[in-house]
Amino acid sequence: MKYDFASIEPKWQKIWEDEGAFRAKDFDEKPKYYALVEFPYPSGAGMHVGHIKAYSGLEVVSRKRRMQGYNVLFPIGFDAYGLPTENYAIKTGMHPRIVTDKNIEKFTSQLKRVGFSFDWSRVIDTTEENYYRWTQWIFLKMFHAGLVFRDNALVNYCPKCKVVLSNEDSQGGKCDICHSDVVQKSKTVWYLRITKYAEKLLEGLEKVDYLPNVKQQQVNWIGKSTGAFVNFKIKETGETLRIYTTRPDTLFGVTFMVIAPEHPMLDANRDKIGNIEALDAYKEICAKKTEFERTQLVKEKTGVKVEGLTAVNPVSGKEIPIFISDYVMMGYGTGAIMAVPAHDERDYAFAKKFGVDIIPVIKGGDIEKGAYTGDGEVINSDFLNGLTNKKDSIAKMLAYLEEKGVGKAGVQYKMKDWAFNRQRYWGEPIPIVHCPKCGMVPLPYEELPLRLPKVENFEPGEGGESPLAKIPSFVNCKCPKCGGDAKRETDTMPQWAGSSWYFLRYIDPHNDKAFADAEKLKYWLPVDWYNGGMEHVTRHMIYSRFWHKFLYDEGDVPCDEPYAKRTAQGLILGPDGEKMSKSKGNVVDPNDVVDEYGADVLRTYVLFMGDYASAAPWNESSMKGCKRFLERVADLSDLVGKGAPSEKVEASLHKTIKKVSADIEELKFNTAIAAMMSLLNDIYDAGTLTNEQFSLIIRLLCPFAPHLAEELWQSIGGKGLCSLAAWPEYDESKTVASHIEVAVQVNGKLRATISLPANCEKDEALDTAKADARVLPFIEGKTIVKEIWVPGKIVNLVVK
RNA sequence: GCCGGUGUGAUGGAAUUGGCAGACGUGCUGGACUCAAAAUCCAGUGGUAGCGAUACCGUGUCGGUUCGACCCCGACCACCGGCACCA
C-alpha cells in the first residue's frame with residue numbers, strides 16, 4: 001500500500017471525532033483507567049515538539065488500555081491564567097481573554113493534527129467562569145477552615161514583574177517568570193497554610209507509586225527535621241528567647257546566641273538595647289541584599305552584637321551574649337539559634353570572627369582547626385558526660401529539658417506557607433471583602449463566581465498594586481455581612497491555583513452544582529497514572545496534593561492521594577544539543593514535522609529518539625528511520641499470502657507482542673519500537689506473512705501510529721475501528737524456540753556458540769561444548785576444575 | 001556543602017538486572033538501479049594485527065568480589081538535575 005499520510009491522517013481524525021471514539025463513559029462497567037498528562041499553558045508561540053513527547057507517553061498507554069478493554073479517561077485542557085499572556089496583552093493592547101482564546105484555538109488544532117486520543121468533550125479552561133468559580137469555591141472552603149491568612153512578612157518580590165512570588169516560584173533566588181533577581185520586601189499578602197499539611201504530604205508519599213527521584217525531591221522540599229525547642233531566659237527582661245535545634249545534646253557547648261535581623265525581640269526592647277542604631281543599620285543592609293548576594297557571601301559571616309541583652313543557658317546557668325546575623329533566617333524555626341561553635345561550621349566561622357569562646361562538648365575534633373560535626377564521647381557536659389551514642393544523649397537531654405519545663409522535642413519543616421497572591425490582572429479574583437466594621441469577610445458561596453471585570457489597562461501599579469485596584473466599580477461594594485460600604489480585595493490568585501484541582505474537574509467538567517459529582521469522583525479517582533515534567537514536582541505536585549488532601553478532609557473527595565502513580569519525561573533538546581528556546585532559534589514546530597513527515601512519524605520518532613525519561617537532542621535524519629519504518633509497514637500488504645507461512649516469523653511476532661506489551665508499561669517506547677523494526681526485518685527476510693499475522697501487527701502498531709493502523713485495518717477488512725479492536729495476545733509457547741544458541745566460555749572468555757535443544761540437560765550441553773572444535777584447543781592438555789551451566793544461556797569451563 | 005542521577009562505537013541509544021557488549025535507528029564505505037541525482041534495495045561497519053580462519057584489546061579512571069562484571073563493592077574523575085548559611 002502506498003503510504004499517503006497527508007490524506008489518511010485527516011480522514012481518520014475526522015472519523016474518530018465524529019464517532020466520539022475516545023469519550024470516557026461515566027459509570028461504565030468496564031474497569032476504569034484514568035491517565036493524566038499535565039495540561040499546557042497556551043502561550044502565543046504555540047506548542048513545540050516537547051509537548052508532543054510529553055503527551056505521547058500516556059497517549060500510547062491510553063490507547064493500549066482501550067484496546068485491552070478499559071474505560072479510559074484521557075483528558076486535556078488549558079491552564080490559561082498567567083503572566084506571559086498578560087504581558088503580551090500589555091505589549092499589544094489586545095485583551096487577555098482574546099489572546100487566550102486565540103492561543104487555545106491554536107493549541108487545539110495542533111493537538112488534533114497529531115491525532116491524540118483525548119476526550120475532547122471534557123476540555124477545560126481554567127479562565128472560564130464556570131471553572132474558576134470552583135477555584136474560588138475551594139479557596140473559600142479553605143478560608144472557613146482557617147487555612148487562609150494574611151500576614152505582613154518579608155516576601156519574595158520580583159521588581160520586573162511587579163509581583164509577589166511564592167517560595168516555590170523563586171527557587172534559586174530567581175523569578176520563575178522573567179529570571180531576574182528576586183528581592184525581599186515587607187508586604188501584607190495572602191497565604192495558604194500548606195505547612196499544616198506538611199506531615200500528611202510526607203506520609204502520603206509512602207503509599208504512592210512515584211518515580212524514586214520524584215519522591216525524593218518532594219521529601220527534600222518538605223524538609224522535615226526533628227530536634228527540640230529550648231527556652232533561654234533573657235537576664236535583663238525576664239523574657240524567653242525560644243530557639244530550635246537539632247542537637248540539644250550540645251547545650252553545654254553554647255557560647256552565644258544568634259537571632260535573625262528581623263527578630264521581633266529587637267523592636268520590643270528598643271529602649272533597653274544600647275546599640276539599637278547599629279542594629280537597625282545592619283538590618284537595613286540585609287533587607288537590601290538579594291537572595292543571591294546573601295548566599296554568595298557564605299564564607300564571610302557578618303553580624304552585630306546586641307548590647308544590653310544577655311541570655312542565660314537553661315542547663316548550665318551561664319550568661320552568654322546575643323548577636324544578630326543574616327545567617328539566621330526569620331522564616332525557619334523560631335528565627336533564633338543557640339550557637340555551638342565547637343560543633344557547627346557556621347557558628348565556628350562566626351565565633352572566630354567575633355572572638356567568642358569555643359567549648360568542645362564532643363570528643364574527636366580539634367577546635368583550633370575547625371568545627372567537629374562527627375560523633376563521639378560527650379565531655380564538659382555535666383550529666384551527659386561519658387555518653388557515646390548521640391541518640392542516648394539527645395534523649396537524656398530532652399528528658400531533662402521537659403522535666404525542668406525549659407524545652408521539648410519538636411519538628412521543623414523547610415517548606416513554608418504558600419504565598420497565595422498576584423498583584424496582576426489575569427488571574428482568579430480572591431473572593432474576599434474588606435469591611436471597615438467586620439474586617440475580612442468572605443463572599444457567600446452563592447455569589448460565586450466573583451467575575452474578573454473588563455479593564456482597559458492591565459499595567460500593574462507601581463509598588464506592586466493590582467490593576468484591579470484602579471476599577472472603582474469592582475473595588476467598591478457592600479459588606480456581605482453588615483451591608484455597609486466595603487472594598488473588595490484586588491489581588492488575584494497565583495498561576496498555580498487553577499491547576500491544583502483540574503484533574504477533578506475533568507471527571508465532571510460541565511457540572512454547575514458542584515466542582516464534580518461525588519459519585520463520579522468515586523468512580524474515576526484516583527488518577528491511575530500521571531506523567532509530566534520534573535520541573536513540576538516541587539510546585540504543582542505539592543500544591544495539588546495539598547488541595548486534594550484538604551478536600552479529602554472536608555469529605556469532598558473519596559481518597560486522600562490524588563495520583564496513584566507518577567512518572568516524568570525528559571526534555572527534547574534542539575538539534576544543537578541545547579535546551580529549546582525562542583531566543584536560541586532552535587525550536588522545532590510540530591506543525592512543520594506533520595506537514596513534511598506526517599503525525600504518525602512524529603509520534604513514533606519522539607518515542608523512539610531515546611530513553612523516554614532522559615533528555616535527547618532532535619535529529620531530523622534519525623527521524624527518517626521512523627518514516628522508513630512506517631513505509632515498510634505499509635508495504636507489508638504486498639507480502640500477505642505470498643509463499644508458505646514462516647515459523648520464524650510467527651515466533652518473532654509473538655516475541656515482539658510480548659516485548660511491546662511489557663515495554664509500554666515501563667515507558668520503554670524506544671525498545672518497543674526497535675522490537676517492531678526488528679520484526680519487520682525478520683518478515684522481509686522471510687518474504688511472507690499471513691493475514692492473521694498482519695492483523696496482529698497492525699493492532700500492535702496502533703497506539704504508536706494510529707492513522708496508518710486504521711488505514712491498514714480497513715484494508716484487511718477489520719471490524720470497527722482498529723483503535724478499539726482487541727490488543728494482540730501472544731502465545732508463550734510460540735515465543736520459545738525449539739533450539740537455542742548457547743555461549744561457551746573457557747575461563748570466562750567466549751570461545752564459541754553452540755546450538756542446543758531448548759530443554760537441553762547439563763550433561764548434554766557440556767558434552768557438546770567440550771567436543772566443539774573451537775573449544776578443544778583451549779581445554780586440551782588442561783584439567784577442567786569447574787563446569788558451569790546456566791540453562792539456556794551459557795556454558796563456562798574453568799581449566800587449569 | 002547536601003540529596004538524586006549519568007558516563008557504552010562516528011552518533012541517538014540497547015543489553016531479559018551477574019551470563020554471547022554494541023539490539024534498533026542514524027551516519028559512513030562499497031555495490032545494484034539511473035544519462036545523472038534523489039528515493040529504494042543488497043553487503044559491510046568498536047579498535048589493533050592478519051589474505052584468512054582467528055587472536056588480543058575494549059562499557060569514565062584505579063582497585064576488589066566472582067567461574068564470569070557495563071551491571072555488585074571501595075576510592076577517584078567528569079558531567080547533568082534539585083536543594084542550599086535550614087540551626
Side-chain angles (χ1 to χ4, degrees), chain A residues 171-173 211-221 223-225 227 243-247 250 258 260 291 294-301 325-329 331-340 344-347 349-350 412-416 534-535 537-538 570-571 604-605 608-611 613-626 628-629 631-632 635 658-659 662 668 670-681 684 741-753 774 777 784-799:
Chain A
Q171 295 179 25
L211 238 47
N213 52 337
V214 169
K215 212 177 259 194
Q216 195 56 46
Q217 250 186 56
Q218 293 202 8
V219 169
N220 290 348
W221 185 258
K224 182 176 182 173
S225 97
I243 62 97
Y244 175 74
T245 178
T246 54
R247 296 296 302 273
T250 61
V258 185
E291 194 84 21
R294 253 178 115 145
T295 50
Q296 274 305 289
L297 302 165
V298 182
K299 283 166 218 142
E300 193 64 17
K301 293 279 177 286
S325 174
D326 62 358
Y327 84 88
V328 173
M329 314 285 149
Y332 183 79
T334 62
I337 63 157
M338 60 177 219
V340 187
D344 181 286
E345 278 160 23
R346 291 151 301 162
D347 296 347
F350 192 91
Q412 276 297 305
Y413 301 91
K414 282 188 201 172
M415 189 170 70
K416 292 178 182 147
M534 278 308 291
E535 69 274 22
V537 301
T538 53
L571 293 175
T604 310
Y605 176 62
F608 180 66
M609 62 193 295
D611 173 20
S614 313
W618 187 262
N619 181 337
E620 182 156 347
S621 71
S622 184
M623 185 163 57
K624 287 189 182 129
C626 292
R628 289 186 188 133
F629 165 58
E631 283 167 350
R632 271 155 66 87
D635 287 339
K658 184 179 181 180
K659 176 149 183 69
K668 287 161 78 174
N670 53 340
T671 50
I673 294 165
M676 290 190 282
M677 288 173 168
S678 220
L679 169 64
L680 244 60
N681 291 341
Y684 277 97
E741 295 289 309
V742 169
V744 181
Q745 298 180 337
V746 178
N747 287 347
K749 258 191 188 148
L750 180 73
R751 294 303 175 189
T753 51
R774 290 159 299 181
I784 297 177
V785 293
K786 199 166 181 183
E787 294 167 335
I788 289 139
W789 164 238
V790 182
K793 280 182 180 158
I794 212 155
V795 170
N796 191 8
L797 305 170
V798 187
V799 297

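Numbered from 1 within each chain, the chains take letters A, B, ... in sequence-line order. This one's a predicted model, so the numbers in the text were calculated from it and none came from an experiment. Excluded from the calculations below are hydrogen atoms, water molecules and symmetry mates; all remaining heavy atoms, backbone and side chain alike, are included.
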Taking [M] as the reference, what is the distance to [N] when you measure between their [atom1] atoms (whole Å, please)?
N: C56(B); M: G4(B); atom1: C1'; value: 40 Å
N: G27(B); M: G12(B); atom1: P; value: 15 Å
N: A15(B); M: A21(B); atom1: C1'; value: 7 Å
N: U59(B); M: G7(B); atom1: C1'; value: 9 Å
N: U8(B); M: C57(B); atom1: C1'; value: 16 Å
N: U65(B); M: C77(B); atom1: P; value: 24 Å
N: A14(B); M: G63(B); atom1: C1'; value: 29 Å
N: C85(B); M: C80(B); atom1: C1'; value: 25 Å

Counting neighbours of CD on Glu345(A) that are heavy atoms of other residues, nucleotides or ligands and sit closer than 6.0 Å, is the number greater than 12? no

Check whether any side-chain nitrogen or oxygen of [X] sits under 4.0 Å from OP1 or OP2 of [N], and answer yes or no.
X: Asn670(A); N: A14(B); result: yes
X: Arg632(A); N: G25(B); result: no
X: Asn220(A); N: C86(B); result: no
X: Lys668(A); N: A15(B); result: yes
X: Tyr332(A); N: A87(B); result: yes
X: Lys786(A); N: C67(B); result: yes
X: Arg751(A); N: U54(B); result: no

Got Asp635(A) and Tyr684(A) here, is their nearest side-chain heavy-atom distance under 4.5 Å? yes

For a 4.5 angstrom cut-off between non-hydrogen side-chain atoms, does Thr250(A) reach Met338(A)? yes

Let's test this: given Watson-Crick or G-U wobble pairing with both distances under 3.5 Å, identify the partner of [N].
N: C72(B); value: G64(B)
N: G25(B); value: U11(B)
N: U54(B); value: A49(B)
N: C41(B); value: G31(B)
N: G81(B); value: C3(B)

Please work out if [X] contacts a base, only the sugar-phosphate, or nothing of the nucleic acid, heavy-atom cut-off 4.0 Å.
X: Glu787(A); value: nothing
X: Lys749(A); value: sugar-phosphate
X: Asn619(A); value: nothing
X: Thr753(A); value: base
X: Asp347(A); value: nothing
X: Ala662(A); value: nothing

Within the 3.5 Å criterion, strictly below it, is a donor on Asp347(A) or Tyr327(A) matched to an acceptor on the partner's side chain? yes

Taking atom types as modelled, find out whether Ser614(A) and Asp611(A) have a side-chain donor-acceptor pair closer than 3.5 angstrom. yes

Need the glycosidic conformation of U65(B): syn if within 90° of 0, anti if not. Which one? anti

Based on the glycosidic angle (syn within 90° of 0, else anti), state the conformation of G9(B). syn

Of the candidate nucleotides C20(B), C85(B), G19(B), which contains the atom at the shortest distance from the side chain of Asn796(A)? G19(B)

Of A87(B), U16(B), G25(B), the nucleotide closest to the side chain of Lys793(A) is U16(B)

Grab the two heavy atoms, one from Leu750(A) and one from Ala743(A), that are nearest each other, plus how far apart they are. CD1-CB, 3.6 Å

Assess whether one donor atom and one acceptor atom, taken from the side chain of Gln217(A) and the base of G4(B), lie less than 3.5 Å apart. no

Test for a donor-acceptor pair under 3.5 Å between the base of C85(B) and the side chain of Lys301(A), counting only N and O atoms. yes

Relative to the 5' end of RNA chain B, which residue comes earlier, Ala743(A) or Arg247(A), by the nucleotide with the nearest heavy atom? Ala743(A)

Need to verify one output field. Residue with the more 5' nearest nucleotide on RNA chain B, Gly748(A) or Arg774(A)? Arg774(A)

Output yes when a side-chain donor or acceptor of Tyr605(A) lies under 3.5 Å from a complementary backbone atom of Trp618(A), and no otherwise. no

